[in-house]
Amino acid sequence: MPKVTLTDGSVREYPEGARVADIAYELGGRLKKDATAAKVNNVVRDLSAVLPGEAEVRFLLFDDDEGAEVYRHTSSHILAQAVKRLFADVKLGIGPAIKDGYYYDFDYSESFVPSDLEKIEAEMAKIIKEDLPLERFELSREEAASYFEKLGEGYKVELVRDLPADAVISCYRCGDFVDLCAGPHLPSTGKVKVVKLLNLAGAYWRGSEKNPMLQRIYGTSFPKRALLDEYLHRLEEAKKRDHRKLGRELDLFSIQEEGPGFPLLHPRGMVIRNGLEAYWREEHRQAGYEEIKTPIILNRVLWERSGHWAHYKENMYFTRIEEQDFAVKPMNCPGAMLLFKTKMHSYRDLPIRMAELGLVHRHELSGALHGLMRVRAFTQDDAHIFMLPSQIKDEVARVIELTDRMYHLFGFEYHVELSTKPEKAMGSAEMWEIATAALRDVLEERKITYLVNAGDGAFYGPKIDFHLKDSIGRTWQCGTIQLDFQMPEKFDLNYVGEDGQKHRPAVIHRVIYGSIERFMAVLIEHFAGAFPVWLSPQQVAVLPITEKFHQYAKDVAARLWAAGVRVEADLRNEKVGYKIREAQLQKVPYMLVVGEKEEAAGTVAVRERTSGEAGTMKIEEFIAKIKLDIQEKRR
RNA sequence: GCUGGUGUGGCUCAAAGGCAGAGCAGCGGUAUCGUAAACCGCAGGUUGCGAGUUCAAUUCUCGCCACCAGCUCCA
């Protein structure tokens, strides 16, 4: 008799052959109605699964991530079923649940058009209404292969063939529709309440550009209409903080047709960039870095030596100078290596931390460009740390600390990834193992949670990456720490050790902002354009009520300007409400309204961007207040 | 680069083979006003670029470019 332990610790017994759903049914209430699946001995299972002899059971609801995944996964099957009903000769790819929804890939001779989505959505609604049960059954590899072969589902046959030898091959039947699927699923299609198809895109079969491109339909689903509406509303709100939109509205930058991927920074954007650079220089000065600058164009010979010619050529731009080949730098490291080699180094000098705000150019595929997030010319806040092998862990830890400190100032949350050896790599497997282990050790010693991103390292070494989120939750790699034993070898770098002999230093390549352009994009979205005072392109707007007070407004502005505040007086012939609206939309942190009373008393009526009217104060009082905001970089 | 979509004044959007329009912004005036849009007027366009079909193309067809979403790739 199955013995079941529930999350509250209670233990119950059920007859042989009892199913998970029987427990939910007995418990009643919300579980009976809303459970999507259950974790049985920590494995997510169908509600229709038969209970084993002993089981710890935890029911999953839509509110649990794993519960929602089951819900969305079943939704994707409904999508596939609907498409099969409407377009008979469609071949199926795969259809997983993803964050906030699901997708399904189809191979179809014609292109789906947006209006097809409505038809498919209507058919999905029908399938939901039919409340078809989803039934699991298992097949042997041969049975499954020939089954999908007969159906003409070539992609499914491929999947079956590639499943690991010990895999249980399961399918789910749902009315007239059968799909290869590990599950689990909701008990029936009627459990899905609201579905919405969102967009249409191409996607390569199994993610390889060598394979045919399938048509991917993205959708989402929710147990309540209100939840869908809330989600769609959230998407709308996120679009409002898109850095490309804010960049235009706040006059920060532009990208023109004449220079795809080559952004123009406007004066207001430049203020932010300068602020970021000044802060960066101060932090690096304190962290023991020196600053250098290396050329943008260097001879081909250098790039052959560094390995870029062999490993990175497709991403580089080239030019010829007096019959010789030169390349525009895609990375700053070779220049830094040259600089290191300009003199002898003693072990006593190490570590040497050379920082460089280096402008690099990389050829990115046109389809990959994305505002300031993904461009073809960008400035890396680079640094190369030359060190003794014994200093590696300590230096990696210091960089992690500095990164955390700087991200913290902006209030960023981030996640960390460890990227390992790629296919196209230099150096021995052993070297890679040592380098990767060093990075992993530091992460583990510091108890930092991280994902492993297998095969995503640089061609010269493994790396730790820091990812930040954009307005709609996509993550972008910003900071990275790369450990490198290759460049020192290629460039024959050395230092003189205690023993008077030459030794090979190790090198860390690292960035914290990553690219200043990308970091600015993330920053714009993070603050929705309302930057902290120290970064705001315009910190104060002085707003005279009528022309009579223009002179006083100019005087106030002049005093603030002299105190180092970025201030503008709005002397246009408009009502104060109009000027406030404008300053508010431009996200100016402080507005100073001045009229008769203020002029008479030498004061300003302060209005704050976020909290509105903040009372009247003496000019010098306001100056002290805003200077404190700036000095302390208050958010 | 690939798949699909989009491209009309600085911005947001109308017009669907037959004279290219509105709001905001800009410019000129009037009102001199107290915390998120005063009023009147003026100007602004080879409809992304190039071919083709047609008596006639912003509209239909083809090619190119750019942008958007996703895939691939990456800071």
Side-chain angles (χ1 to χ4, degrees), chain A residues 103 105 111-114 116-117 198-218 239 242 244-245 248-249 251 254-261 312 314-315 330-331 358 360 362-382 419 456 458 463 465-468 472 474 476-480 482 509-519 521-522 543-550 572-585 591-598 605-609 612-614 616:
Chain A
Y103 67 77
D105 289 344
S111 291
F112 293 128
V113 294
D116 287 334
L117 294 188
L198 296 168
N199 47 31
L200 201 53
Y204 298 109
W205 168 240
R206 296 189 138 185
S208 167
E209 56 189 331
K210 293 184 187 83
N211 288 338
M213 181 163 274
L214 309 181
Q215 300 185 62
R216 176 170 296 178
I217 297 177
Y218 285 88
K239 275 189 200 149
D242 188 311
R244 291 165 299 185
K245 182 176 157 66
R248 189 170 51 240
E249 289 172 356
D251 198 13
S254 61
I255 301 174
Q256 320 271 339
E257 276 206 24
E258 290 81 351
Y312 209 74
E314 320 77 72
N315 289 294
M331 295 186 195
V360 299
R362 295 183 186 174
H363 178 69
E364 297 294 343
L365 297 178
S366 57
L369 301 177
H370 184 93
L372 289 184
M373 296 277 193
R374 191 74 184 279
V375 293
R376 286 176 172 153
F378 56 99
T379 299
Q380 293 184 304
D381 63 318
D382 219 337
S419 294
D456 205 40
K463 53 183 189 153
D465 296 326
F466 297 80
H467 292 250
L468 298 174
I472 58 173
R474 289 177 295 209
W476 295 88
Q477 184 191 317
C478 289
T480 177
Q482 311 179 344
H509 309 240
R510 48 107 281 182
V511 289
I512 291 180
Y513 291 147
S515 105
I516 299 184
E517 288 75 4
R518 176 177 289 180
F519 195 82
V522 175
L543 311 178
I545 282 167
T546 73
E547 264 168 46
K548 270 182 262 168
F549 311 106
H550 278 189
R572 291 175 303 173
N573 187 14
E574 294 290 350
K575 292 169 80 165
V576 73
Y578 179 92
K579 295 177 185 176
I580 286 170
R581 179 181 153 81
E582 188 111 313
Q584 202 70 50
L585 291 174
M591 286 151 261
L592 304 181
V593 176
V594 295
E596 197 169 0
K597 286 174 281 183
E598 289 76 17
V606 179
R607 182 189 165 97
E608 290 182 7
R609 172 177 63 193
E613 288 186 60
T616 297

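Below, chains carry the letters A, B, ... as their sequence lines are ordered, and counting in each starts from 1.
- Across all strands shown, rG70(B) pairs with rC2(B); the Watson-Crick or G-U wobble distances both stay below 3.5 Å.
- Using a 4.0 Å heavy-atom criterion, one finds that V375(A) contacts the bases of the nucleic acid, with or without backbone contacts as well.
- Pair check for rA56(B) finds none; no Watson-Crick or G-U wobble contact set falls under 3.5 Å.
- Using a 4.0 Å cut-off, no side-chain N or O of R374(A) falls inside it from OP1 or OP2 of rC68(B).
- Across all strands shown, the partner of rU61(B) is rA51(B), judged by Watson-Crick or G-U wobble contacts whose two distances both fall under 3.5 Å.
- Listed nucleotides rA36(B), rC11(B), rG34(B) differ in distance to V576(A); the shortest reach to its side chain belongs to rG34(B).
- By the 5.5 angstrom centroid cut-off and the 30-degree plane limit, F378(A) is classified as stacked against the base of rA75(B).
- Side-chain N/O atoms of E314(A) and base N/O atoms of rG1(B) include no donor-acceptor pair closer than 3.5 Å.
- Across the interface with RNA chain B, nearest-nucleotide mapping of G577(A) and Q380(A) shows G577(A) to be the residue nearer the 5′ end.
- Taking all atoms of both residues into account, the shortest heavy-atom contact from R607(A) to E613(A) is CG-N, 4.1 Å.
- A donor and an acceptor atom never sit less than 3.5 Å apart when one is taken from the side chain of Y204(A) and the other from the base of rG70(B).
- Ionic pairing of E596(A) and K548(A) is not present here: no N-O contact between side-chain nitrogen and carboxylate oxygen is shorter than 4.0 angstrom.
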